[in-house]
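Okay, so here's the structure we're looking at.
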2 protein chains.
Amino acid sequence: MDTSPTAIEKRLTTFRERCAQLGLALTPQRLAIYEVLASTGEHPGAEDIYQRLKPSIPSLSRGTVYRTLTLFESHHLVSRVHVSDEQARFDANLDDHHHLVCVRCQRVVDFQDARLDRLPFDEAAPGGFHVLGHRVHLLGLCPQCQEQV
Amino acid sequence: MDTSPTAIEKRLTTFRERCAQLGLALTPQRLAIYEVLASTGEHPGAEDIYQRLKPSIPSLSRGTVYRTLTLFESHHLVSRVHVSDEQARFDANLDDHHHLVCVRCQRVVDFQDARLDRLPFDEAAPGGFHVLGHRVHLLGLCPQCQEQV
DNA sequence: ATAAATGCAAAGGATTTGCCGTCAA
DNA sequence: TTGACGGCAAATCCTTTGCATTTAT
């Protein structure tokens with residue numbers, strides 16, 4: 001995900017607009033939670049976000065983080081990523097994209113490749129399944145984990 | 001997954017062999033748990049398996065089901081499927097395959113398509129990621145859920 | 001002002017774990 | 001007999017929820 005200041009700004013602007021449209025209150029907690037997601041490509045989980053914000057917002061509670069993330073997801077402001085078993089992880093990148101998953105450290109990196117966006121699956125769907133979309137997970141080792149092997 | 005009697009038999013035979021090779025005891029519980037997985041394409045979760053076996057093995061405990069599934073997975077006798085948030089689900093189909101996931105009822109169906117087995121991703125991996133394999137999830141509606149919409 | 005949002009703590013579900021009795025090699 | 005295995009219950013981890021209070025619009 002592009003995490004340049006410009007791209008982050010853009011995401012935040014869109015976020016404020018969408019909240020207004022949706023009639024969602026723009027509380028400091030919500031803004032802070034969204035900011036964390038908008039400015040990282042790390043796909044943090046609820047607990048990660050809670051820990052990152054606790055110092056600056058001491059009153060913040062886990063419940064709010066969970067509730068807010070679920071709310072954001074239901075309004076398609078962020079998406080939920082299921083990697084391995086562990087906790088759910090979140091992503092503010094709403095562009096069509098796929099994921100590289102490190103099988104060792106579980107790091108998740110977005111990547112885009114037009115060639116993977118149109119797969120020959122429509123005709124392939126067996127059993128009358130009606131395919132709406134697809135997700136590709138590339139499993140492998142991130143640079144850091146390659147060194148440690 | 002092919003659930004014809006012949007295919008199931010074949011899986012069971014392989015399973016027994018692998019257990020012997022690995023020095024794993026072939027207990028009634030383990031066999032029963034594997035049989036459930038070998039004879040269904042439903043990708044049941046631990047609780048599903050427990051419920052299905054409880055009537056025939058009243059002494060069975062959840063702990064054993066969980067422990068056994070984890071053991072199987074660590075020896076690559078079954079694989080763990082992460083669909084949505086809910087519980088982990090298991091699959092005795094070890095052939096290379098992908099998954100159709102119903103976004104409505106969460107049904108998971110295996111499917112194979114040679115065209116999806118070689119994707120143009122090797123060169124695509126950004127940031128020095130070393131890609132070892134990939135998984136394609138096709139998201140859509142199963143026949144039953146299409147009718148209910 | 002008023003409905004919505006937060007904090008807190010308790011509840012919930014899925015899974016793991018420790019302990020002890022049991023069983024098979 | 002001896003280590004592996006299963007049953008049971010307690011513990012753990014992640015997440016949701018109810019309720020009283022505070023806040024955004």
Side-chain angles (χ1 to χ4, degrees), chain A residues 15-36 43-75 77-90 106, chain B residues 15-16 18-37 43-75 77-90 106:
Chain A
F15 172 73
R16 290 169 194 273
E17 287 169 8
R18 293 290 299 124
C19 284
Q21 287 169 14
L22 295 163
L24 298 179
L26 210 60
T27 66
Q29 292 90 337
R30 288 179 180 177
L31 193 51
I33 291 169
Y34 186 80
E35 271 176 344
V36 170
H43 307 76
E47 181 68 21
D48 300 324
I49 296 172
Y50 173 71
Q51 293 300 340
R52 200 165 324 182
L53 294 176
K54 192 74 179 166
S56 45
I57 313 177
S59 72
L60 184 66
S61 76
R62 279 189 183 79
T64 298
V65 175
Y66 278 102
R67 254 192 306 239
T68 302
L69 290 169
T70 302
L71 178 83
F72 285 175
E73 189 200 11
S74 74
H75 289 291
L77 296 168
V78 304
S79 66
R80 199 180 284 253
V81 182
H82 300 287
V83 210
S84 60
D85 246 347
E86 44 162 40
Q87 64 201 42
R89 297 168 66 168
F90 297 85
Q106 316 279 55
Chain B
F15 173 71
R16 291 169 195 273
R18 294 289 299 124
C19 284
Q21 289 169 14
L22 294 163
L24 297 179
L26 211 60
T27 65
Q29 292 89 337
R30 288 179 181 178
L31 194 52
I33 291 168
Y34 186 81
E35 270 177 344
V36 172
L37 285 171
H43 308 75
E47 181 68 22
D48 299 325
I49 297 173
Y50 173 71
Q51 294 299 341
R52 199 165 324 182
L53 293 176
K54 191 73 180 169
S56 45
I57 313 177
S59 71
L60 183 67
S61 76
R62 280 189 182 79
T64 298
V65 176
Y66 278 102
R67 256 193 302 244
T68 302
L69 290 169
T70 303
L71 179 81
F72 286 175
E73 189 201 9
S74 73
H75 290 292
L77 296 167
V78 303
S79 65
R80 199 181 284 255
V81 182
H82 301 287
V83 211
S84 60
D85 246 348
E86 45 161 40
Q87 67 204 37
R89 298 169 65 167
F90 297 85
Q106 315 279 56

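Labels below follow one simple rule: chain letters A, B, ... track the order of the sequence lines, proteins then strands, and each chain is numbered from 1.
In this structure, CZ on A/Arg18 lies 9.0 Å from CG on A/Leu24, to the nearest 0.5 angstrom. Here CG of B/Leu22 is found 10.5 Å from CZ of B/Phe72. Values are rounded to the nearest 0.5 Å.
OP1 or OP2 of C/dG7 lies within a sub-4.0 Å distance of a side-chain N or O belonging to A/Ser61. Distances shorter than 4.0 Å separate none of the side-chain N or O atoms of A/Arg30 from OP1 or OP2 on D/dA24. Between A/Gln29 and the phosphate of D/dT23, there is no side-chain N or O to OP1/OP2 separation shorter than 4.0 Å. When the side-chain nitrogen and oxygen atoms of A/Tyr66 are compared with OP1 and OP2 of D/dT15, one or more of them lie within a distance under 4.0 Å. A close approach under 4.0 Å does occur between a side-chain nitrogen or oxygen of A/Thr70 and OP1 or OP2 of D/dT16. Between D/dG6 and B/Thr27, a contact under 4.0 Å exists linking OP1 or OP2 to a side-chain N or O.
Atom CG of A/Leu69 and atom C1' of C/dA5 are 15 Å apart (whole Å). In this structure, the CZ atom of A/Arg89 is 16 Å from the C1' atom of D/dC13, given to the nearest Å. For A/Gln51 and D/dC13, the CD to P distance is 13 Å, given to the nearest whole Å. In this structure, the CG atom of B/Leu26 is 17 Å from the P atom of D/dA4, given to the nearest Å. One atom, CD of A/Glu86, and another, P of C/dT15, lie 14 Å apart when rounded to the nearest Å. For the pair B/Leu24 CG and D/dG6 C1', the computed distance is 15 Å after rounding to whole Å. A straight line from CZ of A/Arg16 to P of D/dT25 spans 11 Å, rounded to a whole angstrom. Protein atom OH of B/Tyr50 is 16 Å distant from nucleotide atom P of C/dT16, rounded to whole Å.
When each of B/Ala25 and B/Pro58 is assigned the nucleotide of DNA chain D bearing its nearest heavy atom, the one mapping closer to the 5' terminus is B/Ala25. Heavy-atom distances to DNA chain D give each of A/Arg80 and B/Gly23 a nearest nucleotide, and the one nearer the 5′ end belongs to B/Gly23. When the nearest nucleotides of DNA chain C are assigned to B/Gln87 and A/Leu71 by heavy-atom distance, the more 5′-ward of the two goes with A/Leu71.
Contact of B/Arg67 with D/dG7 (side chain to base): a donor-acceptor pair of N or O atoms is detected under 3.5 Å.
Considering only heavy atoms from C-beta on, B/Leu31 comes within 4.5 Å of B/Arg16 through its side chain.
Between B/Phe15 and B/Tyr34, the ring-plane angle classifies as parallel under the 30° and 60° cut-offs.
Within 4.0 Å (heavy atoms only), A/Pro28 reaches sugar-phosphate atoms of the nucleic acid but no base atom.
Of the possible donor and acceptor atoms, one in the side chain of B/Arg30 sits under 3.5 Å from a partner among the backbone N and O of B/Ala25.
Closest to the side chain of A/Arg62, out of D/dT15, D/dG6, D/dG7, is D/dT15.
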